[in-house]
Colleague: 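Mind looking over this structure? Questions follow.
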Amino acid sequence: MDGAGKPRRRTAADYMASHVDQTVELTNPHYVLFRAEGEPWHVQAKTGQVSPDGTVVRLLGKVDVWRSDPSGARDLDVRTEHLVVLPDSEYGETGEPVTIRTPASTSTGVGMRAFLDETRFELLSQVRTHVDRHRPQL
């Protein structure tokens, strides 16, 4: 919860296991990052691990990050295989191949820095973008 008592983030999973070292293993985690304005960010993966203090979330296998518009249609979809998220700063990064889709474009690259609070994504290398103004919704 934030200072005003509104939801800030939520983590759910099919299975959660806490280890002796206080790390938490997740199976099929779904992480929701609520925003002060606009629709929340969703992050889903095959598996995940949360650090003992909750400051680092490692997501592995078919990672999908998305945001929907108010009607529920996805207006941004990011896919990769591994993603490290720092929930407090709303930041994520990967060194893996990434695909970013919007209703009008597809960008691919290797490596990414994601600044979710700013809705800003930086692809780090081998970047290619295809723009299609006539493509239907995601």
Side-chain angles (χ1 to χ4, degrees):
M1 305 300 258
D2 66 14
K6 294 182 180 179
R8 184 166 178 214
R9 58 184 173 246
R10 177 182 68 218
T11 303
D14 290 346
Y15 178 78
M16 296 175 134
S18 182
H19 297 283
V20 174
D21 66 357
Q22 300 298 311
T23 59
V24 176
E25 295 284 333
L26 307 167
T27 302
N28 295 322
H30 182 181
Y31 174 75
V32 181
L33 177 63
F34 296 97
R35 303 168 64 205
E37 294 180 22
E39 300 301 312
W41 285 102
H42 296 264
V43 183
Q44 202 162 19
K46 188 172 182 177
T47 64
Q49 184 181 66
V50 181
S51 66
D53 61 1
T55 60
V56 179
V57 178
R58 289 178 179 15
L59 300 165
L60 306 166
K62 297 184 180 182
V63 180
D64 190 10
V65 180
W66 75 92
R67 183 188 64 196
S68 299
D69 65 19
S71 75
R74 287 189 186 193
D75 64 355
L76 187 78
D77 187 55
V78 180
R79 298 200 181 199
T80 189
E81 283 298 313
H82 299 69
L83 184 66
V84 175
V85 177
L86 307 177
D88 291 337
S89 60
E90 300 180 14
Y91 172 80
E93 66 181 24
T94 185
E96 298 295 317
V98 177
T99 300
I100 301 173
R101 292 184 51 170
T102 70
S105 68
T106 299
S107 296
T108 60
V110 176
M112 175 189 70
R113 288 185 284 230
F115 303 87
L116 297 176
D117 58 336
E118 302 173 31
T119 311
R120 181 168 56 100
F121 297 85
E122 297 176 357
L123 293 173
L124 304 178
S125 68
Q126 301 177 35
V127 179
R128 295 186 184 269
T129 298
H130 175 76
V131 177
D132 182 0
R133 293 180 296 152
H134 304 291
R135 182 172 48 196
Q137 292 291 329
L138 298 175

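Predicted model only: the values in this text are computed from it and were never measured.
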Colleague: Hey, what do you get for CZ (R101) to OG (S107), rounding to the nearest 0.5 Å?
Modeller: 11.0 Å

Colleague: Quick one: CD on E93 to CE on M112, what's the gap to the nearest 0.5 Å?
Modeller: 9.0 Å

Colleague: Would you call the rings of H42 and H30 parallel, tilted or perpendicular if under 30° counts as parallel and over 60° as perpendicular?
Modeller: tilted

Colleague: Could you tell me whether the side chain of T80 and the main chain of P97 form a donor-acceptor pair under 3.5 Å?
Modeller: yes

Colleague: Can you tell me how far the CZ atom of R74 sits from the CZ atom of R67, to the nearest 0.5 Å?
Modeller: 12.5 Å

Colleague: I need the minimum non-hydrogen distance between G54 and P87, along with the two atoms involved.
Modeller: O-CG, 4.0 Å

Colleague: Decide if atom CZ of R10 counts as having more than 12 heavy atoms of other residues, nucleotides or ligands within a radius under 6.0 Å.
Modeller: no

Colleague: What is the minimum heavy-atom distance between T23 and P52, and which atoms define it?
Modeller: CG2-CD, 3.8 Å

Colleague: Considering non-hydrogen atoms only, spot the tightest contact between P29 and A13 and give its length.
Modeller: CA-CB, 4.0 Å

Colleague: Could you walk me through whether Q44 and Y31 pass the side chain to side chain contact (heavy atoms under 4.5 Å, CB included) check?
Modeller: CA-CA 6 Å; Q44 202 162 19; Y31 174 75; over 6 Å; no

Colleague: Hey, does the side chain of E96 reach the backbone of E81 with a donor-acceptor pair shorter than 3.5 angstrom?
Modeller: no

Colleague: Between V110 and G95, which heavy-atom pair has the shortest distance, and what is it?
Modeller: CG1-O, 3.5 Å

Colleague: Can you name the ring-ring contact (aromatic ring centres under 6.0 Å, His included) partners of H82, sequence neighbours left out?
Modeller: none

Colleague: Which residue in the set L123, T99, V98 passes side chain to side chain contact (heavy atoms under 4.5 Å, CB included) when paired with T108?
Modeller: T99

Colleague: Would you say V84 ends up clustered with Y91 if hydrophobic residues are merged whenever their side chains have heavy atoms under 4.5 Å apart, either directly or through other cluster members?
Modeller: yes

Colleague: So which heavy atom on W66 is nearest to which on D77, and how close?
Modeller: CB-OD1, 3.7 Å

Colleague: Could you check L86 against V56 for side chain to side chain contact (heavy atoms under 4.5 Å, CB included), going step by step and ending with a plain yes or no?
Modeller: CA-CA 5 Å; L86 307 177; V56 179; 3.8 Å; yes

Colleague: Among F34, F121, F115, which residue meets the ring pair (Phe, Tyr, Trp, His ring centres under 6.0 Å) test with W41?
Modeller: F121

Colleague: What are the two closest non-hydrogen atoms of L59 and V63, and how far apart are they?
Modeller: O-CG2, 3.7 Å

Colleague: Distance check, rounded to the nearest 0.5 Å: K46 atom NZ versus L26 atom CG?
Modeller: 14.5 Å

Colleague: Quick check for you: to the nearest 0.5 Å, what is the distance between E90 atom CD and L116 atom CG?
Modeller: 6.5 Å

Colleague: Kindly determine whether T11 and M16 satisfy side chain to side chain contact (heavy atoms under 4.5 Å, CB included), including the steps that lead there.
Modeller: CA-CA 10 Å; T11 303; M16 296 175 134; 4.2 Å; yes

Colleague: Do T94 side-chain atoms and L83 backbone N/O form a donor-acceptor pair below 3.5 Å?
Modeller: no

Colleague: Any sub-3.5 Å donor-acceptor pair from S18's side-chain atoms to Q22's backbone N or O?
Modeller: no

Colleague: Measuring from atom OG1 of T106 to atom CD1 of I100, what distance do you get when rounded to the nearest 0.5 angstrom?
Modeller: 10.0 Å

Colleague: Give a yes or no on whether R128 atom CZ has more than 12 heavy-atom contacts from other residues, nucleotides or ligands under 6.0 Å away.
Modeller: no

